[in-house]
Amino acid sequence: MAQYLLLALAASASLLAGVCSSVLAQQPVQPLPKVGSCPLGYYSSGGYCVPSSGGNTRGAIEKSGAGCPLGFYSSGNYCLSSPSNEREAIQKSGKGCPLGWYSSGGYCVKSR
């Protein structure tokens, strides 16, 4: 009986870890420094673009250059995460990306 309980706990922990990792990989929805007008789903507040409280707001990053990374689309001076995107992106610093991230234009995108 104890063996079955341990197997069930291990399976539950594995499932929970998979769910948490996919949630953590999404672009965070957080205030951004304001550069021009705010992206779709954000409003201006004291030099920042703040996520609206409607719950449909997508994570965003400031646009670097002309394009957006894979899984993101342009909204003014920002790149918004596409609805099906489950990856996080950061602006590239230097020529390479950190371990576990890959290059996409001027950005580093977190690998799955």
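The structure presented is a predicted model; accordingly, all values stated were derived computationally and were not measured. Numbering starts at 1 and runs along the sequence shown.
Heavy atoms only, all atoms of each residue included: G76 and K63 are closest at O-NZ, 3.1 Å. Minimum heavy-atom separation, V50 to S45: CG2-CB, 3.7 Å. S111 approaches R87 most closely through the heavy-atom pair CA-NH1, 4.0 Å.
Residues passing the side chain to side chain donor-acceptor pair (under 3.5 Å) test with S103, sequence neighbours excluded: K92.
In this structure, Y102 OH and C108 SG are separated by 10.5 Å, a value rounded to the nearest 0.5 Å. Taken to the nearest 0.5 Å, the SG atom of C49 stands 9.0 Å off from the CG atom of N77. With rounding to the nearest 0.5 Å, the separation of CG in L80 from OG1 in T57 is 9.0 Å.
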Test side chain to side chain contact (heavy atoms under 4.5 Å, CB included) applied to Y73 and C68, step by step: CA-CA 6 Å; Y73 63 94; C68 291; 5.8 Å; no
Side chains of residues 30-44: which donor-acceptor pairs under 3.5 Å do they make with residues two or more places apart or in other chains?
unit_1, atom_1, unit_2, atom_2, d
K34, NZ, S44, OG, 3.1
Y42, OH, R58, O, 2.8

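Using a 4.5 Å heavy-atom threshold, the side chains of S104 and F72 count as separate.
Looking only at distances, a side-chain donor or acceptor of Q27 sits under 3.5 Å from a matching main-chain atom of A89.
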